[in-house]
Amino acid sequence: MEHCGAKTCSGQPCKNRVMENGRCRMHGGKAAVTHKGNKHAATPGSIYSRYYTEEETELASQVELGKVDEELRLTRIRLMRALAGEAEFGSTLELDSEKSEPVIVDGAAIAGIEQVTTNSKVRDYSALIDKLTARIESLERTRAELAKSSPPEEPPVGKIQIEIVNVKSNASPTDDGATG
């Protein structure tokens with residue numbers, strides 16, 4: 001029976017049984033074969049994009065995630081949405097979900113008749129607005145710290161002018177004036 005032999009945290013060789021590829025299940029056994037990438041991974045914009053308005057879609061298309069300014073823009077979009085929701089609904093009930101199912105009598109569904117079940121709830125917009133405002137404040141603070149630690153970029157040099165001073169009038173064309 002062969003042992004894996006991979007170096008463990010303690011520095012000793014691993015004593016687990018090997019698989020076909022020469023390592024144990026913890027040091028590269030079947031994982032190297034089975035993990036070919038997550039096909040169901042969320043891609044940027046895939047989670048919330050179907051709920052964006054046209055204006056939000058346009059703003060989100062300009063967002064590059066991972067940059068503080070872009071995170072600020074995205075958080076401000078969410079804050080605008082929460083403020084609009086609070087203005088529209090306030091503390092009234094909002095429709096959360098609606099479910100239609102056939103009416104069943106004695107184990108048989110009655111054709112043409114459906115039972116509709118709705119769930120409504122009062123959303124806590126003030127807590128959401130507070131959370132988003134705090135997030136914006138945190139991002140602004142981070143942005144200020146980054147601006148403090150990195151100097152502003154200087155524009156590239158466009159044109160260089162050279163002024164020649166102390167030119168000797170009797171210098172020959174091969175004489176560059178350097179002593180040597």
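Just so it is clear, the model here is predicted, and its values are computed rather than measured.
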Honestly curious: do [X] and [Y] fall in one hydrophobic cluster under the side-chain, below-4.5 Å linking rule?
X: L128; Y: L93; result: no
X: L139; Y: L83; result: yes
X: F89; Y: L95; result: no

Just how far is it from atom [atom1] of [X] to atom [atom2] of [Y], taken to the nearest 0.5 Å?
X: L132; Y: M80; atom1: CG; atom2: CE; answer: 11.5 Å
X: E137; Y: T75; atom1: CD; atom2: OG1; answer: 13.0 Å
X: R123; Y: S91; atom1: CZ; atom2: OG; answer: 14.0 Å
X: I129; Y: R81; atom1: CD1; atom2: CZ; answer: 13.0 Å
X: C4; Y: K15; atom1: SG; atom2: NZ; answer: 11.5 Å
X: M19; Y: R25; atom1: CE; atom2: CZ; answer: 9.0 Å

I'd like to know whether V116 forms a side-chain contact (heavy atoms from CB on, under 4.5 Å) with S100, so could you lay out the CA-CA distance, the side-chain angles of the two residues, the decisive distance to 0.1 Å, and finally the verdict. CA-CA 4 Å; V116 178; S100 297; 3.8 Å; yes

Polar contact flag, side-chain donor to acceptor under 3.5 angstrom, N119-T117: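 No donor-acceptor contact under 3.5 Å links the two side chains.
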
How far apart are the closest heavy atoms of [X] and [Y], and which atoms are they?
X: A127; Y: D124; result: CB-OD2, 3.1 Å
X: N16; Y: M26; result: ND2-CE, 2.7 Å
X: C14; Y: C24; result: SG-SG, 3.9 Å
X: V103; Y: E114; result: CG2-C, 3.9 Å

Should R135 and R78 be marked as a side-chain contact (heavy atoms from CB on, under 4.5 Å) after you check the CA-CA gap, both sets of side-chain angles, and the distance that decides it? CA-CA 11 Å; R135 176 74 176 140; R78 294 182 64 211; over 6 Å; no

Flag yes if more than 12 heavy atoms outside E2 fall under 6.0 Å of its CD atom; otherwise flag no.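 Atom CD in E2 is not crowded, with 12 or fewer foreign heavy atoms closer than 6.0 Å.
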
May I ask you to decide if V68's main-chain N or O and R143's side chain share a donor-acceptor pair within less than 3.5 Å?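 Not confirmed, R143 side chain does not pair with V68 backbone.
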
